[in-house]
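Below, chains carry the letters A, B, ... as their sequence lines are ordered, and counting in each starts from 1. In this text the structure is predicted, and so the values were computed from the model without any measurement.
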Amino acid sequence: MIPELFFHDSATRQKQRFVPIDPQHVSIYVCGPTVYDLAHLGNARPVIVFDVLVRLLRRFYPRVTYVRNITDIDDKINDRARESGESIGAITARTTEAFHADMAAVGALPPDAEPRATQTIAGMIAFIERLIAGGHAYAAEGHVLFDTPSFPDYGALSGRTPEDLIAGARVEVAPFKRNPGDFVLWKPSDAETPGWDSPWGRGRPGWHIECSAMSLAQLGPDFDIHGGGHDLLFPHHENERAQSLCAYPGSGFARMWLHNGMLRVNGEKMSKSLGNFLTLRDILARGPWAGEAFRMLVLKTHYRAALDFTDAGLAEARADCDDDYAMLARAPQAGSDRAMIDWALAPLCDDLNTPLTLARLRDLRTVENAVTTGGSPTVGMERMGRHDVPEPGVAAASFREVAAVLGIAQSDPTSWRQGGLEQGGLAPAAIEAAIAARLAARKAKDFAEADRIRAELAEQGVVLEDGAGGTVWRLA
RNA sequence: GGUCCGGUGGCCGAGUGGUCAGGCACGGGUCUGCAAAACCCGCCACGGCGGUUCAAUUCCGCCCCGGACCUCCA
């Protein structure tokens with residue numbers, strides 16, 4: 001039974017019912033990184049958001065193909081190579097590898113296909129030839145340009161008219177363009193710049209054609225969802241759509257467009273000149289908890305809203321993870337409850353409302369804690385519209401299943417709580433020995449000694465929690 | 001200047017035409033040798049001004065404030 005899914009479609013600027021072209025096989029394309037530098041915080045947001053979307057779709061549909069490209073041809077890469085002396089191939093290989101590692105660290109599953117622009121050149125050339133043949137593109141001075149007036153619907157995706165675009169143009173219009181809005185499909189390369197032979201001479205692709213060619217190669221001319229950062233809506237996605245719809249008239253191209261909001265740092269746009277440019281590596285270096293905490297931070301804000309990254313926010317997200325794992329650590333094994341799962345999952349089906357699902361997850365957490373520690377789970381259960389008291393472990397098992405769709409709280413709870421001991425610091429065995437010594441002191445009513453041991457461990461960052469089942473430890 | 005998106009309690013952050021978001025912080029309890037954790041209770045917000053309505057934070061208009069984008073490449 002597939003629940004109704006609704007997503008905000010950028011093209012119509014409204015929430016739309018999601019109806020896959022083929023219910024047996026859902027297809028989604030997300031714009032991936034241009035690999036010229038380490039991924040920054042802003043790059044990670046779409047990856048996390050669309051990872052959740054894919055996990056959600058996989059829960060309901062038998063097959064989902066998720067494509068995310070790697071753009072490894074770009075003048076930013078060329079510039080970087082020229083400045084640093086490192087070869088283009090080395091830069092893109094190294095950066096791609098780092099990207100993979102960083103995305104894994106925030107819990108993002110790899111896409112099903114990850115096409116590279118450099119491996120799709122033939123497809124791009126064929127694509128451009130098709131546009132020329134159809135009267136949608138023209139060659140001029142070694143360039144090939146897309147003829148925007150040939151596509152009457154141009155601007156519909158981003159909600160702009162050609163007049164708007166001309167009025168706002170802040171870049172000089174190249175003299176060989178027929179219309180100011182025309183954009184480059186192919187451009188000539190000089191001897192020092194990477195280039196490929198083409199019918200228009202040695203050159204390289206423009207910015208947008210690679211995504212049209214790669215989505216076509218992987219998913220065909222029609223697919224369900226196209227995702228990316230909101231900054232890509234115009235011109236990148238507008239141009240992609242124009243190219244694809246003109247090359248394949250009658251196709252729908254992407255049926256739905258989803259865009260995530262931008263990420264800011266301390267209330268400011270992230271930029272190198274402001275000195276607030278944060279790579280994901282900067283965050284991951286803070287500890288083994290940082291990847292999941294960052295993911296939690298991202299999910300705490302709705303994907304379309306602007307997200308302001310702050311250290312305080314990251315600390316709070318980490319505390320949320322701590323509380324989740326603390327609950328999971330004390331909950332007994334049990335089966336999950338279908339109604340609880342559906343209740344907590346429902347907000348995700350309504351335009352991926354991760355903050356509300358997280359709130360419901362907290363209710364499940366509180367219910368579990370109340371059940372296992374002798375409190376009253378009434379309030380949380382009533383929010384679910386129920387008046388029963390679940391068996392211990394049931395809310396926790398349900399929590400875990402919903403959290404899996406968000407890609408959080410899937411680690412071993414004890415590893416989370418005890419992970420990341422400093423090298424050369426206390427060994428777990430030494431901590432256990434200290435706990436045993438303290439227990440002996442307590443039995444002998446030597447509370448001064450017991451407290452001394454507690455304080456000693458606290459200095460090492462180890463916190464003891466005395467519970468009904470004995471004493472457990474965790475890192476502060 | 002144009003297009004679009006937002007302004008919710010000390011902070012973060014959902015949502016709704018009329019009964020509750022939630023979290024953090026804070027205050028008070030329970031439990032506890034101590035501590036921590038957990039649980040329970042409290043904390044009654046919706047940028048401004050008009051309008052529609054029996055009723056608006058929620059709909060409409062205007063204003064103020066913030067943000068995104070306004071085209072490859074020299």
For [N], what is the paired nucleotide under Watson-Crick or G-U wobble rules, both distances under 3.5 Å?
| N | result |
| --- | --- |
| rG22(B) | rC12(B) |
| rC59(B) | rG51(B) |
| rC39(B) | rG29(B) |
| rU3(B) | rA68(B) |

Answer with base, sugar-phosphate or nothing: what part of the nucleic acid does K269(A) contact at a heavy-atom distance below 4.0 Å?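 The residue K269(A) makes sugar-phosphate contact but no base contact.
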Report task. Describe the nucleic acid contact of K187(A) in one word from base, sugar-phosphate, nothing, applying a heavy-atom distance below 4.0 Å. Result ->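 Base contact.
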Worksheet item: Can you tell which of rC40(B), rA68(B), rU71(B) lies closest to the side chain of M262(A)?
Response: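 For the M262(A) side chain, the nearest candidate turns out to be rA68(B).
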**Prompt:** Which of the following nucleotides, rA35(B), rA21(B), rC39(B), is nearest to the side chain of D466(A)?
**Reply:**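 Comparing rA35(B), rA21(B), rC39(B) against the side chain of D466(A), the answer is rA35(B).
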Exercise for the section: Determine the Euclidean distance between corresponding C1' atoms of rG23(B) and rA45(B); express it in Å to zero decimal places. Expected result: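 Per the computed distance, 15 Å lies between those C1' atoms.
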On the side chain of R360(A), is there an atom forming a donor-acceptor pair with the base of rG22(B) - under 3.5 Å, no angle test?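 A donor-acceptor contact between them is absent.
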(Q) Does R454(A) contact rC34(B) through a side-chain donor or acceptor facing the base, at a distance under 3.5 Å? (A)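 Such a pair is found, so the answer is yes.
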Could you state the CZ-C1' distance from R452(A) to rG33(B), rounded to the nearest angstrom?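 Checked: the CZ to C1' distance equals 17 Å.
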Checklist entry - Looking at F234(A), does the NZ or CZ of R160(A) lie under 6.0 angstrom from its six-membered ring centre and within 45 degrees of the ring axis? => result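 R160(A) over F234(A) ring: yes.
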